[in-house]
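These notes concern the structure reproduced below.
Since the model is a prediction, treat every value here as computed from it, not as a measurement. Just the heavy atoms: all of them, side chains too, but no hydrogens, waters or symmetry mates, feed the values below.
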There are 2 protein chains.
Amino acid sequence: MKLSTRSRYGTRLMLDMAENYNNGPIHLMKIAQRQGISVKYLEQIIIPLKKALYVKSVRGPKGGHILAKPPEEITVGEIVALLEDGVSLVECSYNEAVCGRADICPTRHLWREAAQAMFAKLNSITLADLLNGTKIDNE
Amino acid sequence: MKLSTRSRYGTRLMLDMAENYNNGPIHLMKIAQRQGISVKYLEQIIIPLKKALYVKSVRGPKGGHILAKPPEEITVGEIVALLEDGVSLVECSYNEAVCGRADICPTRHLWREAAQAMFAKLNSITLADLLNGTKIDNE
DNA sequence: ATTATACTATACTAAAATATTATAGATCAT
DNA sequence: ATGATCTATAATATTTTAGTATAGTATAAT
């Protein structure tokens, strides 16, 4: 039940673009250097973020990527849901066809509620929140 | 970020024993049949549950397994934390040595809080709650 | 127009984690 | 003693994750 590097790197990728939101498109290469992640891998991870219209790209020299909307309007929950392929901890949460026991299983709704609790938290935090450091308890 | 079958099967295993708490030790074979899980796999999964003293076993014929305490006193959160090896979504949550960026990473505490939100929910639900069906919204 | 830069698309491979089975042995009620 | 049942360890198979490679396409700058 660990978060994949897709989600973790993807969040840092988005956060890097959030930091540079007012500097125009940023080269993935630059982000890769700053974040210590390979360009090739970032290129993979950014695809769904582009498709979901969280990111815009500009090709050619002086090109790069930039958030499609301000950091205040993008939550971590959206990013994670996208990169983890949904908000469920188990396949049966929103598709009971995957398991013959779905209709009688006492745990099915439990897992859905646990995931909901987690995403309620993630959905309440925007990239802007992360940048300015408030809203998260730094222990 | 899916739950492993260890956690899922383990919870159902514990739930089956909870249902039979007043019937004495239950053969794993019986549970395997009822739950549609191989005995061999259940034998694996029950090891940590025994070590953590949630389950007692009786060897020999007429032997079996039984909860070491009543279903009211065991939460799903405890089971999942045990079978998933901890309550964190990322390695760095409680061990910053695993990542050189841990001290400056804006996402580190985020993941910890997300996991905490999930476990707050799971810790609030006991096996008894699951059995009697209240406390979980069946949608 | 050409070129260099940067993004795009698809496919491939390697490594790790998960899931599952197998083998051999220990315990104990009967 | 026997056979049912749990126990321990190892082996294997499968799936997922992570990451790389190759061959492009678009475009700003010259």
Side-chain angles (χ1 to χ4, degrees), chain A residues 1-13 17 20 23-33 35-68 80 83-86 89-91 98-99, chain B residues 1-13 17 20 24-33 35-68 80 83-86 88-91 98-99:
Chain A
M1 199 203 31
K2 289 287 185 274
L3 219 53
S4 67
T5 56
R6 269 169 70 90
S7 291
R8 294 192 290 113
Y9 292 178
T11 302
R12 284 166 52 200
L13 167 62
M17 286 187 283
N20 290 285
N23 303 337
I26 308 295
H27 311 339
L28 273 190
M29 173 68 90
K30 267 290 178 204
I31 300 178
Q33 287 169 351
Q35 300 294 330
I37 304 170
S38 90
V39 184
K40 279 292 165 206
Y41 201 17
L42 286 183
E43 284 171 349
Q44 296 302 314
I45 294 171
I46 211 167
I47 292 171
L49 293 165
K50 274 174 46 66
K51 284 203 176 129
L53 303 181
Y54 290 117
V55 174
K56 286 183 300 193
S57 61
V58 180
R59 287 185 165 202
K62 300 280 178 182
H65 287 89
I66 187 169
L67 294 186
V80 174
L83 295 177
E84 296 286 337
D85 269 326
L89 284 171
V90 293
E91 289 305 327
V98 298
C99 176
Chain B
M1 197 202 34
K2 289 287 185 275
L3 219 54
S4 67
T5 56
R6 268 168 70 91
S7 291
R8 295 192 288 113
Y9 292 176
T11 302
R12 283 165 53 198
L13 167 62
M17 285 186 283
N20 290 286
I26 307 295
H27 311 337
L28 274 190
M29 174 68 92
K30 267 289 177 205
I31 299 179
Q33 286 169 351
Q35 300 296 328
I37 303 171
S38 91
V39 184
K40 280 291 164 204
Y41 201 17
L42 285 183
E43 284 172 348
Q44 295 303 314
I45 293 170
I46 210 167
I47 292 172
L49 292 165
K50 274 175 44 68
K51 284 203 177 128
L53 304 179
Y54 291 117
V55 174
K56 285 184 298 193
S57 61
V58 180
R59 286 184 165 202
K62 301 280 179 185
H65 288 89
I66 186 170
L67 294 187
V80 174
L83 295 177
E84 296 286 336
D85 269 326
S88 69
L89 285 171
V90 292
E91 289 306 327
V98 297
C99 175

Expressed as a whole number of angstroms, how long is the span from [X]:[atom1] to [N]:[atom2]?
| X | N | atom1 | atom2 | value |
| --- | --- | --- | --- | --- |
| A:Asp85 | D:dA18 | CG | P | 13 Å |
| A:Ile46 | C:dT8 | CD1 | C1' | 11 Å |
| B:Ile45 | C:dT21 | CD1 | P | 11 Å |
| B:His27 | D:dG3 | NE2 | P | 17 Å |
| B:Tyr41 | D:dC6 | OH | P | 18 Å |
| A:Leu83 | D:dA18 | CG | C1' | 14 Å |
| B:Lys2 | C:dA17 | NZ | P | 19 Å |
| A:Met29 | C:dA4 | CE | P | 16 Å |

Most 5' of B:Ser57 and A:Tyr9 on DNA chain D, judged by nearest nucleotide:
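That would be B:Ser57.
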
Could you check A:Gly60 against A:Glu84 and say which one's nearest nucleotide on DNA chain D is further toward the 5' end?
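Upstream on the strand: A:Glu84.
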
Expected output: side-chain A:Glu84 to main-chain A:Ser4 donor-acceptor under 3.5 Å:
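At least one qualifying donor-acceptor pair exists.
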
Polar side-chain atom of A:His65 near backbone of A:Pro25 as donor-acceptor pair, under 3.5 Å
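Here the side-chain-to-backbone pair does not exist.
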
Rounded to the nearest 0.5 Å, what separation is found between the CD1 atom of B:Ile46 and the CG atom of B:Leu28?
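Those atoms lie 4.5 Å apart.
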
Working to the nearest 0.5 Å, report the span between CD of A:Gln33 and OG of A:Ser38.
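Result: 12.0 Å between the selected atoms.
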
Listing request: all salt bridge (charged side-chain N to carboxylate O under 4.0 Å, His left out) pairs with a residue in residues 41-64 of chain A, at least two apart in sequence or in separate chains.
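Residue pairs passing salt bridge (charged side-chain N to carboxylate O under 4.0 Å, His left out), neighbours aside: A:Lys40-A:Glu43.
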
Which salt bridge (charged side-chain N to carboxylate O under 4.0 Å, His left out) pairs, counting each pair once, include a residue from residues 1-10 of chain B, with sequence neighbours left out?
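Sorted pair list comes back empty.
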
Closest to side chain of B:Thr5, choosing from D:dT17, C:dA19, C:dA4
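Of D:dT17, C:dA19, C:dA4, C:dA19 is nearest to the side chain of B:Thr5.
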
Please tell me which of the listed nucleotides, C:dT20, D:dC6, D:dA4, lies nearest to the side chain of B:Leu28?
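The answer is D:dC6.
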
Report yes if a side-chain nitrogen or oxygen of B:Ser38 is closer than 4.0 Å to either non-bridging phosphate oxygen (OP1 or OP2) of C:dT21; otherwise report no.
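For C:dT21, OP1 or OP2 has a side-chain N or O of B:Ser38 closer than 4.0 Å.
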
Looking at B:Thr5 and B:Ile45, what are the two nearest heavy atoms and their distance?
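What the structure gives for the nearest pair is O-CD1, 4.5 Å.
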
Distances for protein N or O near nucleotides 9-16 of chain C N or O, under 3.5 Å:
{"unit_1": "C:dT10", "atom_1": "O4", "unit_2": "A:Gln44", "atom_2": "NE2", "d": "3.0"}

